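Written below as structure tokens is the structure these notes are about.
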Amino acid sequence: MSADFSAARADFPALHQTVHRKPLIYLDNAATTHKPRVVIDALTRFYERDNSNVHRGLHALSMRATDSYEAARARAAAFLNAADPAEIIFTRGTTESVNLVAQSWCAQNLRPGDVVLATEMEHHSNLVPWQVAARRAGARLRFVPIAGDDAEHGLDLDALDRLLTPQVKLFAFTHISNTLGTINPAAELCARARKVGALTVVDAAQSAGHEPLDVRAMGCDFLAFSGHKMAGPTGIGVLYGRRALLDALDPWQTGGGIVANVTYEGATWKPSPERHEAGTPNIADAVALHAAMDYLDALGRPALAAHDHALAAQATAALADIPGLRIIGPRPGSPRAGLVSFALTDAHAHDVVTFADQDGIALRGGHHCNQPLMRKLGLPSTVRASFYLYNTEADITALATSLRRIQKFFGG
Amino acid sequence: MSDFDDLYRDVILDHAKRPRNRGRPPTANRAATGDNPTCGDNCTVHLRLGDDGRVAAIGFEGSGCAISQASASIMTTQAKGKSPAELEAAFGHLKDILASGKTPADFDELSAFAGVHAFPARVKCATLPWHTALEALKQPDQPAQMVEGQKS
Ligand SMILES: Cc1ncc(COP(=O)(O)O)c(C=O)c1O
């Protein structure tokens, strides 16, 4: 039995509206989630009361703003069970976090002949930065394949062992696939990479707001996530990195805030985290992200994960017998994150999304920033329904009903 | 009529489900491919421009939503016998219909796209096959096999 979060629906103002005169059923949570009142209030409260720049002022508001910003950092460290708040760098989101490592770490450490390993299921945000970094360094980019069509769309772990050669300096992989719903065994992947001395970069965009995360138990070197996919605001995200790595890393952007001593000729850097946060940071959204992390932990992340998995199982069951509908990703009974991608024989993804929208159901159709994966699966596009704590079994019933009507409308 | 029924009029559904002129005509001497990267729609138009400067044969391949497939099908039925200038003019009519949402009395099947006006994100689905056909007309004359070879 999964926990019942139906009372939490009341916490999310945006859920309570009609779309095309139908009550909104929001199933596009993998793209971004809605925000609870406490997060919106935290954002407003910061601007109404504490607004000031951080780290530079000695007046009351500046000290309050600095305290709130640093408290958010400590909260993020606790959220990930990181050893030290200095291991938390605030960024714009997952994409920027990955770019920080790809540009800074790779520029300093990647040599011709080295290998960066990624997987075939990466979001463009955890793929293109490595393509660029590898090309610049004269290094090669290789991919852990996903297991064949009739398997479960998980990573091919035998191939991983063959690919993890001593040339591999960095292994970047997603914790949860935003298209397949696959949950990768992150701790095991990190352990295998460590054996050949490769650093690991975990894309936790789809897991941070859904699954309990413990970077020390996982054993990763870097981990990235976005606030907006976990009940927090847009424009704020986190890069976790082990302290020793971050302190050895040159800043990727330079300017104010990161420097210890500046002359006309040069500058020396502050230690992490400041050295990786040039310019005025996104203070207000970091403070609101703090509220989001509190909110999720109050509900209980293991319970949130169980709720997601239960909805995914209900959805795969409800959709399985719709004629012409093919579900992508883990087979029923295998672990699946709270999302289901599918294709209909007779209706293109965009027609499905437009039709469902008329029923008040928000879905996503397209390649989900996974073009190479879609090509591999032989699908031009899929439809994705992705769930969050406020979704219910009734939402899934409504989805299945709408999809049956779509099938009739476009089929035959 | 709801916006939705207006988007998927019978004419559009009919062409989407039973597209006309699908495939490459054996005599084709020109081709072009276009895509909408955000949707994953893609469209290849093969055609033969005759000695009289008019479209003698035309067909299309590719995949996409009902709007893009219907538009490709209707475009091919309209293109036959037209000169490049006439096809361009017909595309102009379609663009007027998409921009205004109005249904002129005498533009036959093109009027069916008036409903797309209410769905701005879908306008490029309707225009893709036309852009691709006009691009194909601009290609140099090629022996049929070469066009075939390029396709892959
Ligand atoms: C797996 C995965 N990685 C990375 C990203 C990029 O996140 P953001 O756009 O917030 O930087 C996303 C979001 O779509 C995602 O699903």
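What you see is a predicted model, and the numbers here were worked out from it, not measured in a lab.
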Task: Close side-chain approach of B/Asp41 to A/His348, heavy-atom, < 4.5 Å - done: yes
Task: Atom CD of B/Glu88 with >12 non-hydrogen neighbours under 6.0 angstrom - done: no
Open item on the list: Tell me whether the count of non-hydrogen atoms from other residues, nucleotides or ligands lying under 6.0 Å of CD in B/Glu86 goes above 12.
Closed with: yes
Open item on the list: What's the separation between atom NE2 in A/His350 and atom CZ in B/Phe119, rounded to the nearest 0.5 Å?
Closed with: 13.5 Å
Task: Most chain A-contacting option - heavy-atom pairs closer than 4.5 Å, from B/Ser63, B/Gly64, B/Ala16 - done: B/Gly64
Open item on the list: With a 4.5 angstrom heavy-atom cut-off, is it the side chain or the backbone of B/Asn42 that approaches chain A, or both, or neither?
Closed with: neither
Task: Residue B/Asp10 excluded, over 12 heavy atoms near CG under 6.0 Å - done: no
Open item on the list: Just checking A/Arg92: does its CZ atom have more than 12 heavy atoms from other residues, nucleotides or ligands closer to it than 6.0 angstrom?
Closed with: no
- [ ] Answer with side chain, backbone, both or neither: which region of A/Thr354 has an atom nearer than 4.5 Å to a non-hydrogen atom of chain B?
- [x] both
- [ ] Mind telling me whether B/Phe4 and A/Phe409 have parallel, tilted or perpendicular rings, with 30° and 60° as the class edges?
- [x] tilted
Open item on the list: Can you confirm whether more than 12 heavy atoms, excluding those of A/Arg364, are under 6.0 Å from its CZ atom?
Closed with: no
